[in-house]
Amino acid sequence: MVIDGEIRMKTMLKVMTKVAGALALAVGALSAHADLKIGVVVSETGGGASLGIPAHNTIKLLPPTLGGQKVQYIVLNDASDPTQAVRQARKLVEEDHVDAIIGPSLTPTSLAMLEVVGPGKTPMFSLAGSGVIAVPQEGNRRWAFKLAPNESTMGEYIFDSMEAAHGKTIAYIAYSNSYGEAFVKEIDKVRAKRGLTVVADERYNPADTSVSPQVLKVISAHPDAVFLAVVGSTGALPVIELRKRGYKGPIYMTQGIASPDFVRVGGRDVDGVMFPVSPALVAEQLPDTNPVKKVAMDYVTTYEGKWGAGSRSLFGAAVWDSYVLLDNAVPVALKTAQPGTPAFRTALRDALEHAGEVVGAEGVFNMTPSDHIGNDRRALVLVQIDHGKWTLIKDVAKGR
């Protein structure tokens, strides 16, 4: 009987050892966390290629970790097409189960993807410019973040400059899509408060090869200044036409044209164009007092060190800042949930909503549950194209 008792005791000890080992492995697996998956949707072809290519190039420069965790980037091209953007977003959300999405590059594709990231409860960092992507913060927009300043903030810079030159009348030429309409609508609110007058308001399709009728109407109205709500290299078309028709007044644009391709296509015709833009575009020209300068220089040095002098792009800088914000939020989310789960995606969104004074290459971000843009006047400077170069006109590093 004693022998039988000893055998039973040894057997129980073996079982307990195996159980303890299994528990130790399980605890270890939990503490290590699963790898992160970040989806990326950009316009590498089509009309938005000049925005999407530098965004993808920046992804290639990011560290292999986020918040101390290994990360995998899954990059897809939407060809600048909203339908394709939705298709790529569904793959990332429903098949790859990504924890967040960086992109897409354009306002129309961003608005289309809201219909996927909202129901999929997946945070999305739009690289586009229009505020309608993340405002108001309700419905599917609860999962959308946008890093470019809002149209109204850009409008303040434009009309400050225009009034300094004693301009009183303005004409608009914009894309006949969600980007153009949103920019003109918001810019015009600022214009109305300043008591300035609109003398012409024209639209054209981004795929159009001529804007002569629109430009002729604008010139016949004799505006003191012209504002163009267009993006990328195709945005050079109305500038070239205005110069060809003899317009010599100030031309203001959005930061959507801040790419080397725009200058290449526009040539000398785009000299003198002014636009409010994120500080990364002119990082070296910023005063040392600008709070963004260090991070902006880190981005520019890294990007141009890989892709060549003068290759920087604010659309790449937006990717860089997406990483900065995620790197800040991931450790917070990991305290409550595992990557690859709905709970983690929700925790990640909640952490992003409480990002305070996070300094990026494009601005200083203070997100809240009602504000998924989170930047202020520190996110802009006024720049002019001078002999094919970006030249700082004014640096305004103010708080809200």
Side-chain angles (χ1 to χ4, degrees), residues 40-61 75-82 84-85 88 102-110 125-130 133 146-148 154 173-175 177-180 183 204-209 211 228-241 251-271 273-278 280-282 299-300 303-304 306-322 361-362 383 385 388-390:
V40 182
V41 179
V42 289
S43 299
E44 293 190 85
T45 55
S50 61
L51 288 63
I53 291 172
H56 189 183
N57 286 344
T58 302
I59 290 291
K60 297 173 183 178
L61 302 175
V75 183
L76 301 175
N77 175 23
D78 64 20
S80 308
D81 176 58
Q84 183 70 359
Q88 303 293 43
I102 295 175
S105 305
L106 305 171
T107 295
T109 51
S110 297
F125 289 85
S126 172
L127 308 178
S130 180
I133 297 163
K146 184 183 76 75
L147 307 185
M154 295 185 187
I173 301 178
Y175 282 156
N177 63 14
S178 55
Y179 180 87
F183 253 99
Y204 76 100
N205 191 296
D208 289 349
T209 57
V211 289
L228 306 176
V230 295
V231 301
S233 57
T234 59
L237 182 63
V239 183
I240 294 170
E241 189 68 19
I251 296 176
Y252 296 96
M253 303 185 75
T254 77
Q255 67 175 16
I257 54 90
S259 72
D261 275 352
F262 174 81
V263 176
R264 177 185 58 80
V265 172
R268 294 301 298 271
D269 287 323
V270 299
D271 274 357
V273 164
M274 293 177 281
F275 56 102
V277 67
S278 299
L281 194 69
V282 288
Y299 166 70
V300 168
Y303 191 90
E304 295 195 349
K306 174 67 175 179
W307 304 111
S311 59
R312 76 189 68 180
S313 164
L314 69 93
F315 308 105
V319 171
W320 193 266
D321 286 357
S322 299
E362 292 196 300
V383 166
I385 301 175
K389 305 293 184 182
W390 316 116

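What's counted below: heavy atoms across the whole structure, side chains too, no hydrogens, waters or symmetry copies. Computed from a predicted model, the values in this text were never measured in an experiment.
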*Do other residues, nucleotides or ligands put more than 12 heavy atoms under 6.0 Å from Lys60 NZ?*
yes
_Would you compute the distance between atom OH of Tyr179 and atom OG1 of Thr109 and round it to the nearest 0.5 angstrom?_
12.5 Å
_For a quick test of reading the model, state the closest non-hydrogen atom pair linking Pro238 to Val211 and the distance between them._
CA-CG2, 3.7 Å
*Test log, rule side chain to side chain contact (heavy atoms under 4.5 Å, CB included), inputs Ser80 and Leu51*: CA-CA 10 Å; Ser80 308; Leu51 288 63; over 6 Å; no
*Measure the spacing between CD1 of Ile385 and CE of Met253 and express it to the nearest 0.5 Å.*
7.5 Å
*Working to the nearest 0.5 Å, report the span between CD of Gln88 and CG of Asp81.*
10.0 Å
*Could you walk me through whether Leu127 and Phe315 pass the side chain to side chain contact (heavy atoms under 4.5 Å, CB included) test, one step at a time?*
CA-CA 7 Å; Leu127 308 178; Phe315 308 105; 5.7 Å; no
*For the student: nearest non-hydrogen atoms of Thr254 and Ala229, plus distance*: CG2-CA, 4.1 Å
*Taking the side chain as every heavy atom from C-beta outward, state whether Ile251 and Val239 have any pair of such atoms under 4.5 Å apart.*
yes
*Test log, rule side chain to side chain contact (heavy atoms under 4.5 Å, CB included), inputs Ile59 and Ile102*: CA-CA 10 Å; Ile59 290 291; Ile102 295 175; 4.3 Å; yes
_For Glu241, side chain to side chain donor-acceptor pair (under 3.5 Å) partners two or more places apart_ = Ser212, Arg245
*Scan side-chain atoms only and decide if Ser130 and Thr107 contain a donor-acceptor pair under the 3.5 Å cut-off.*
no
*Looking only at heavy atoms, which two atoms of Phe262 and Gly235 are closest? And how far apart?*
CE1-C, 3.6 Å
*Considering non-hydrogen atoms only, spot the tightest contact between Ser110 and Ser126 and give its length.*
OG-OG, 2.8 Å
*asked:* Taking side chain to side chain contact (heavy atoms under 4.5 Å, CB included) as the definition, give me every residue that meets it alongside Pro54, ordered by chain and number, with sequence neighbours left out.
replied: Tyr303, Ser313
_Could you report the tightest heavy-atom contact between Leu314 and Gln255, atom names first, then the distance?_
CD2-O, 3.3 Å
*For the side chain of Asn177 and the backbone of Gly180, is there at least one donor-acceptor N/O pair under 3.5 Å apart?*
yes
_Stepwise side chain to side chain contact (heavy atoms under 4.5 Å, CB included) test for Tyr252 and Leu228_ = CA-CA 6 Å; Tyr252 296 96; Leu228 306 176; over 6 Å; no
_Donor + acceptor pair across side chains of Thr45, Asn77 (<3.5 Å)_ = yes
*Is the backbone N or O of Glu362 less than 3.5 Å from a side-chain atom of Asp321, with the two atoms forming a donor-acceptor pair by type?*
yes
*At what distance, to the nearest 0.5 angstrom, does CD1 of Ile257 lie from OG of Ser233?*
11.0 Å
*Give a yes or no answer on whether the side chain of Glu304 reaches the backbone of Gly310 with a donor-acceptor pair at less than 3.5 Å.*
yes
*Measure from the side-chain N and O atoms of Ser50 to the backbone N and O of Asp261, and report whether any donor-acceptor pair falls under 3.5 Å.*
no
*asked:* To the closest 0.5 Å, what do you measure between CG (Leu281) and CH2 (Trp390)?
replied: 5.5 Å
_Derivation of the ring-ring contact (aromatic ring centres under 6.0 Å, His included) call for Tyr204 and Tyr175_ = CA-CA 5 Å; Tyr204 76 100; Tyr175 282 156; 5.3 Å; yes
*Side chain to side chain, Phe125 and Leu147, heavy atoms closer than 4.5 Å*: yes
*Looking only at heavy atoms, what is the nearest atom pair of Tyr299 and Ala361, with distance?*
CB-CB, 4.0 Å
_Nearest-0.5 Å distance, OG1 of residue Thr234 to CG of residue Asp208_ = 10.5 Å
